[in-house]
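See below for the structure under consideration.
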Amino acid sequence: MKQRILSGIQPSGKLHLGNYLGAIRQHLAAQNDPNSDCYYFLANYHSLTTIQDASVLKEHTLDVARTYLALGLDPSRSLLFLQSDVPEVCELTWILSTLTPMGLLQRCVSFKDKVSKGIASNHGLFAYPVLQAADILIYDSHLVPVGMDQKQHLEVCRDIAVKFNLTYGETLVVPDAVIKDEVAIIPGTDGLKMSKSYSNTVDLFGSDKEMKAQVMSIVTDSKGLEEPKDPDTCNVLALYKFFANADERQLMADRYRAGGYGYGHAKLELLGKLKNYFGPYREQYLELVKRPDEVMDVLRSCGKKARATARVTMDRVRAAVGLP
Ligand code: ADP
Ligand code: TRP
C-alpha cells in the first residue's frame, strides 16, 4: 500500500524562502516517490483565524496555489486543494474536540505566541490544533512533512488520534511528523526565524527590485570591508549555503576569513543565486497570474478527489462514535 503524505499551508501571505526550504521543497520532492500518494491543501479555514477580509483571503489563496504549481506541483501526481472544499473536516473537528483535553490546547506555544503578537484570541485560534488534527486524520495520513514550528501541533494530533482509538477502537491512522533538521529554522533578514509576521522575509516571487531590497536588508555586524569576518555567524551565508554547492560555500567562508571581502559582495552573490534558482519558476508563476480560472479548476478537481477520501473516513468515524 502507498503511504499517504499530507501537509497544509496557510494562505495568509506571500510565500518566502523559509516556507520553501522548510516545507514546500519537501512537499514537491515527495511526489517523485512512486510509493507515496501526496495530498497538499491550502488551509483557508485556518487562515480565517487571522484574516477577516474576503478579498485578501481569496487573493492569498490563489497566490499560494500558483506558487505551488509554478514550483512544480504536478496535479496528475499530487492533489492540491482547498481545505474548504472538504467541509467534512469541520465535522471531524467537532468530534475530535469532544476528546481533546483543555490542558493539551492550553500548552500550545503557537496560540500563546500569536496572542502575544496582538492577534485577537478567538476560539478558532485556540482550537486551531484540533482543526489541524482533523485535516491530517481525515485522509488517513501516514507522514506529515512540516517545519519545526509545527512539531507540537503534530504531537497534539497524535495524542488525539491515540485517544480516539482507545475510546472507540482502532479507527484512525496515527501519523508521524517529518521534520528535516538542516532546514528546521531558516533565518530571516534579521537573523531570527524567517516569518511573514516578523517582516523579515525574502519572498519567492517578489519583483527584482523587491528581492534586491530584501536581500540587501539582511542584517550583518558592522565590520569594515578589509576586516576578517566570521562565516559561522553571518546571516547572508546562512541563506547562501542552501543555493550554492560545497566549493562555493567554502569559497565564501574563506573570503570572509581572509578580509577584503564585504557583506555587500556576499549579498550580491546570494541575490544572483536566488535569481538563477527561482527565475524559471518565476516565469511560470507570472503565466499563472494571467490564468486564475485554470488555477481554480485544478483546486476544484483535486478537491473532489480529496473529499471522496475524507468521506470514507467520516463513515468510519460516525459509525465508531454512534452517529447513525
Ligand atoms: P510564517 O511563519 O511565515 O507565517 P507559516 O507558519 O505559514 O509561515 O509556515 C508554513 C510552512 O513553512 C510550515 O510548514 C512551516 O513550518 C514552514 N516554515 C515557515 N517559516 C519557516 C522557517 N523560517 N524555517 C523553516 N520552515 C518554515
Ligand atoms: N498549521 C500549519 C502552519 O501554520 C498549516 C496546517 C494546517 C497544516 N493544517 C495542517 C500543516 C495539517 C500540516 C498538516 O503551517
Side-chain angles (χ1 to χ4, degrees), residues 4-28 30 38-51 60-61 63-64 67-68 71 79 81-84 86 89-90 92-93 96 108-111 113-114 117 119 124-125 127-158 160-161 173 175-204 214 235 238-239 242 306 310:
R4 174 138 314 136
I5 305 208
L6 168 130
S7 198
I9 191 150
Q10 283 196 73
S12 50
K14 286 204 161 110
L15 295 179
H16 52 72
L17 289 181
N19 300 136
Y20 179 70
L21 296 168
I24 304 173
R25 198 170 56 161
Q26 280 71 260
H27 300 167
L28 296 172
C38 302
Y39 280 42
Y40 301 120
F41 66 91
L42 312 186
N44 51 357
Y45 285 139
H46 276 112
S47 290
L48 286 175
T49 59
T50 50
I51 301 180
H60 284 331
T61 304
D63 195 61
V64 174
T67 302
Y68 265 81
L71 288 169
L79 298 188
F81 60 99
L82 300 178
Q83 185 182 31
S84 60
V86 188
V89 83
C90 293
L92 183 58
T93 301
L96 299 180
C108 284
V109 290
S110 125
F111 172 69
D113 273 5
K114 287 177 184 167
K117 274 188 226 147
I119 297 176
L125 202 64
Y128 183 114
V130 190
L131 175 57
Q132 182 160 348
D135 286 331
I136 297 169
L137 300 174
I138 207 164
Y139 304 110
D140 288 337
S141 313
H142 301 109
L143 298 177
V144 185
V146 280
M148 185 63 99
D149 57 336
Q150 294 300 312
K151 188 168 183 248
Q152 191 180 32
H153 288 163
L154 265 292
E155 281 159 9
V156 169
C157 173
R158 287 174 57 89
I160 296 175
V173 174
D176 285 307
V178 183
I179 299 172
K180 286 210 168 209
D181 281 348
E182 73 277 15
V183 289
I185 299 182
I186 304 299
T189 52
D190 56 0
L192 301 174
K193 177 196 171 237
M194 187 177 289
S195 169
K196 57 188 159 300
S197 34
Y198 302 151
S199 304
N200 65 353
T201 60
V202 178
D203 298 334
L204 298 181
Q214 290 176 331
N235 293 327
L239 290 176
F242 292 108

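Remember, it's 1-based here, ligands and their atoms both numbered in the order they're listed. Note that the coordinates shown come from a computational prediction; the quantities given were computed from them, not determined experimentally. Count residues from 1 along the sequence. What's counted below: heavy atoms across the whole structure, side chains too, no hydrogens, waters or symmetry copies.
- Protein heavy atom at the shortest distance from atom 10 (C) of ligand 2 is Gln132 CG, 3.4 Å.
- The nearest heavy-atom contact from the protein to atom 12 (O) of ligand 1 is Asn19 ND2, 3.1 Å.
- Rounding to the nearest 0.5 Å places OG1 of Thr201 at 13.5 Å from CD1 of Ile186.
- Atom NZ of Lys196 and atom CD of Gln10 lie 6.5 Å apart (nearest 0.5 Å).
- For ligand 1, the polar-atom distance check against Gln150 finds no nitrogen or oxygen pair separated by under 3.5 Å.
- In this structure, the separation between CZ on Arg4 and CG on Leu79 is 8.0 Å, given to the nearest 0.5 Å.
- Considering backbone and side-chain atoms together, Ile186 places an N or O closer than 3.5 Å to an N or O of ligand 1.
- For ligand 2, the atoms closer than 4.0 angstrom to any heavy atom of Phe41 are 9 (N), 10 (C), 12 (C).
- Counting atoms of ligand 2 from 1 in the listed order, those under 4.0 Å from a heavy atom of His46 are 7 (C), 9 (N).
- Checking only distances, Ser7 never comes within under 3.5 Å of ligand 2, N or O to N or O.
- Side chain of Ser141 to backbone of Pro175: no donor-acceptor contact under 3.5 angstrom is found.
- Short contacts between ligand 1 and Gly22, defined as distances under 4.0 Å to a heavy atom of the residue, involve ligand atoms 25 (C), 26 (N).
- In this structure, His46 and Tyr128 have tilted ring planes: the angle between them lies in the 30° to 60° band.
- Crowding of Lys180 atom NZ: a count of heavy atoms from other residues, nucleotides or ligands under 6.0 Å not exceeding 12.
- Between the NZ atom of Lys117 and the CG atom of Asp113 there is a distance of 5.5 Å, given to the nearest 0.5 Å.
- Side-chain atoms of Asp63 and His60 include no donor-acceptor pair closer than 3.5 Å.
- Contact annotation for Gln83 and ligand 2: no heavy atom of the residue comes within less than 4.0 Å of the ligand.
- Remark: side-chain polar atoms of Ser7 are paired, donor with acceptor, to backbone N or O of Pro145 under 3.5 angstrom.
- Residue, atom and distance of the protein heavy atom nearest to atom 15 (C) of ligand 1 are Asp149 OD1, 3.3 Å.
- In this structure a side-chain-to-backbone donor-acceptor pair under 3.5 Å is missing from Asp190 to Asn200.
- Atoms of ligand 2 lying under 4.0 Å from at least one heavy atom of Gln10, given by number and element, are 4 (O).
- Among all protein heavy atoms, the one lying closest to atom 27 (C) of ligand 1 is Gly18 O, 3.3 Å.
- Interface atoms of ligand 2 facing Ala43, defined by a heavy-atom separation under 4.0 Å, are 7 (C).
- For Val156 against Pro129, the heavy-atom pair with the smallest separation is CG1-CB, 4.1 Å.
- With values rounded to the nearest 0.5 angstrom, Leu131 atom CG is found 8.5 Å from Tyr45 atom OH.
- Atoms OG and CG, from Ser84 and Asn44 in turn, are 3.5 Å apart once rounded to the nearest 0.5 Å.
- The atoms of ligand 1 that sit less than 4.0 Å from any heavy atom of Ala23 are 11 (C), 12 (O), 14 (O).
- Among protein heavy atoms, atom 25 (C) of ligand 1 sits closest to Ala184 O, 3.2 Å.
- The contact set between ligand 2 and Gly8, taken as ligand atoms under 4.0 Å from a residue heavy atom, comprises 5 (C), 6 (C), 8 (C), 11 (C), 13 (C), 14 (C).
- Between Gly147 and ligand 1, at least one N/O pair is under 3.5 Å apart.
- Protein heavy atom in closest approach to atom 15 (O) of ligand 2: Gln150 NE2, 3.5 Å.
- With hydrogens left out, the protein atom closest to atom 9 (N) of ligand 2 is Asp135 OD2, 2.8 Å, a heavy atom.
- The single protein non-hydrogen atom nearest to atom 4 (O) of ligand 1 is Lys196 NZ, 2.7 Å, given as residue, atom name and distance.
- Of the protein's non-hydrogen atoms, Tyr128 OH, 2.7 Å is the one closest to atom 1 (N) of ligand 2.
- For Leu131, no heavy-atom contact with ligand 2 is shorter than 4.0 Å.
- In the vicinity of Ile185, heavy-atom distances shorter than 4.0 Å reach the ligand 1 atoms 24 (N).
- Annotation for ligand 1: atoms under 4.0 Å from non-hydrogen atoms of His16 are 1 (P), 3 (O), 20 (N).
- A distance-only check finds no donor-acceptor pair linking the side chain of Gln132 to the backbone of Ala127 [under 3.5 Å].
- In summary, the atoms of ligand 2 found under 4.0 Å from a heavy atom of Val144, numbered by their order in the structure, are 13 (C), 14 (C).
- Between Met194 and ligand 1, at least one pair of N/O atoms sits closer than 3.5 Å.
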task: Test Asn235 against Thr189 for side chain to side chain contact (heavy atoms under 4.5 Å, CB included), laying out the working first.
output: CA-CA 7 Å; Asn235 293 327; Thr189 52; over 6 Å; no
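- In terms of protein heavy-atom proximity, atom 2 (O) of ligand 1 is nearest to Ser195 OG, 2.8 Å.
- His27 and Tyr68 have parallel rings, their planes meeting at less than 30° on a 0 to 90° scale where 60° marks the start of perpendicular.
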